[in-house]
Amino acid sequence: MVGAPDHPVFTLTDHFGNQITEKDFHGWFQLVYFGFTSCRVVCPRALAKLSGVLEELGDESARWIKPLYITVDPARDKPETMKAYLQADYPRFLGLTGPEAAIEDAKRHFRVFAQRKSNPADPDGYQIAHTAIAYLLDRNGNYLDHFPDATAGAKIIERIRIHLAH
């Protein structure tokens, strides 16, 4: 895929307040999605679908996968916000946030687009348009596959199972 990350790196803060780098996940497959907690439609739909994928994979397969939700809105998504949001509805995911520069760096390494757009209907006056793709990384943090938002859950499961088997 043109634009796919090779070996994305990051230094962020997890939703428990711990500093995390990509090296903390070596030995695990990573399922990475970028979004933000005040997203009304796309992120909740994607996180629900990906949570269902992990559930369908079953504990034996899903236990090898670390699902990560990296914010594109660090101004609003502090660790405690991420924790409350994810633990309520998407408890398999670990939320990652950090200073604006660290988020920009992670987006650059993953080749993710995100742009703040004025939205008077939003309480904070803005929303964020962003890439709606989940990335699968191997046990060494290298890109394996990606799943655009329109990819059906069954297709994601099929492709993840193939990667887990190798």
Side-chain angles (χ1 to χ4, degrees), residues 5 8-107 109-110 112-116 119 122-124 126-137 139 141 144-153 156-157 160 164:
V9 298
F10 55 84
T11 300
L12 297 169
T13 302
D14 73 13
H15 68 229
F16 297 106
N18 303 308
Q19 185 167 328
I20 298 289
T21 74
E22 77 286 349
K23 292 181 181 96
D24 291 302
F25 302 104
H26 283 196
W28 304 89
F29 289 88
Q30 297 168 58
L31 185 62
V32 182
Y33 191 81
F34 282 78
F36 60 108
T37 63
S38 57
C39 180
R40 291 188 188 95
V41 178
V42 176
C43 296
R45 181 182 63 218
L47 290 170
K49 177 170 51 176
L50 295 172
S51 294
V53 162
L54 293 166
E55 186 71 29
E56 189 69 29
L57 282 169
D59 289 340
E60 185 56 35
S61 294
R63 70 186 179 112
W64 300 109
I65 301 170
K66 292 292 184 185
L68 306 175
Y69 185 56
I70 301 176
T71 188
V72 294
D73 189 8
R76 292 189 283 199
D77 289 342
K78 304 301 180 206
E80 57 276 3
T81 307
M82 300 282 290
K83 183 177 180 183
Y85 178 76
L86 293 169
Q87 287 188 337
D89 294 312
Y90 318 105
R92 289 182 182 263
F93 280 82
L94 179 66
L96 300 178
T97 188
E100 184 79 31
I103 296 298
E104 289 300 318
D105 195 46
K107 287 173 17 189
H109 280 284
F110 276 90
V112 167
F113 165 84
Q115 184 176 32
R116 186 174 163 154
N119 182 348
D122 188 89
D124 292 318
Y126 71 94
Q127 283 288 304
I128 299 178
H130 63 89
T131 302
I133 296 175
Y135 298 95
L136 183 66
L137 306 180
R139 294 175 190 263
L144 278 177
D145 208 342
H146 68 283
F147 313 106
D149 193 46
T151 308
I156 296 172
I157 292 165
I160 288 177
L164 291 176

Task: For Phe147 against Asp145, the heavy-atom pair lying closest together - done: CE2-OD2, 3.8 Å

TODO: Could you check if a side-chain atom of Ile160 sits within less than 4.5 angstrom of a side-chain atom of Ile65, using non-hydrogen atoms only?
DONE: yes

Task: Interatomic distance, Leu136 atom CG to Leu144 atom CG [nearest 0.5 angstrom] - done: 5.0 Å

TODO: Report yes if some heavy atom in the side chain of Asp105 is under 4.5 Å from a heavy atom in the side chain of Thr11; otherwise report no.
DONE: no

TODO: For Glu22 and Phe10, indicate whether the former's side chain and the latter's backbone hold a donor-acceptor pair under 3.5 Å.
DONE: yes

Task: Trp28 side chain near Arg139 side chain, heavy-atom distance below 4.5 Å - done: no

Task: Thr37 side chain reached by Arg76 side chain, heavy atoms, under 4.5 Å - done: no

Open item on the list: Rounded at 0.5 Å granularity, tell me how far CD1 in Ile128 sits from CZ in Phe113.
Closed with: 10.5 Å

Open item on the list: Nearest 0.5 angstrom please: Leu31 CG to His146 NE2, how far?
Closed with: 13.0 Å

Open item on the list: So which atom in Ile103 and which in Thr71 form the shortest heavy-atom distance, rounded to 0.1 Å?
Closed with: CG2-O, 3.3 Å

Task: Flag side-chain contact, heavy atom, 4.5 Å: Tyr85 against Leu47 - done: yes

Task: Sidechain N-carboxylate O distance under 4.0 Å for Glu80, Lys83 - done: no

- [ ] Would you check if the side chain of Thr131 reaches a backbone N or O of Ile133 as a donor-acceptor pair within less than 3.5 Å?
- [x] no

Open item on the list: Please check if the number of heavy atoms outside Glu104 that lie under 6.0 Å from its CD is greater than 12.
Closed with: yes

- [ ] Please name the pair of heavy atoms, one in His130 and one in Cys43, separated by the smallest distance, quoted to 0.1 Å.
- [x] NE2-SG, 3.3 Å

Open item on the list: Could you measure the distance from the NZ atom of Lys107 to the CD atom of Glu100? Nearest 0.5 Å is fine.
Closed with: 6.5 Å

Task: Straight-line distance of Leu68 CG to Arg92 CZ, nearest 0.5 Å - done: 14.0 Å

Open item on the list: Hydrogens and angles aside, do Thr97 and Asp77 bring a side-chain donor and acceptor to less than 3.5 Å of each other?
Closed with: no

Task: Shortest non-hydrogen contact between Ala132 and Val42, atoms and distance - done: CB-CG1, 3.9 Å

Task: His15 to Phe93 - nearest heavy-atom pair and separation - done: CE1-O, 3.4 Å

Open item on the list: Restricting to salt bridge (charged side-chain N to carboxylate O under 4.0 Å, His left out), what partner residues turn up for Asp149, sequence neighbours left out?
Closed with: Arg45

TODO: Could you check if a side-chain atom of Leu94 sits within less than 4.5 angstrom of a side-chain atom of Phe25, using non-hydrogen atoms only?
DONE: yes

- [ ] Report yes if the distance between the aromatic ring centroids of Tyr90 and Tyr69 is under 6.0 Å, otherwise no.
- [x] no

Open item on the list: A quick test of your reading: do over 12 heavy atoms of other residues, nucleotides or ligands sit less than 6.0 Å from CD of Gln127?
Closed with: yes

- [ ] Side-chain contact test, heavy atoms from C-beta onward, threshold under 4.5 Å: evaluate it for Pro67 versus Leu54 and give yes or no.
- [x] yes

TODO: Determine the minimum heavy-atom distance between Pro44 and Val41, stating which atoms define it.
DONE: CD-O, 3.3 Å

Task: From CA spacing to verdict: side-chain contact (heavy atoms from CB on, under 4.5 Å), Ile70, Phe110 - done: CA-CA 11 Å; Ile70 301 176; Phe110 276 90; 4.3 Å; yes

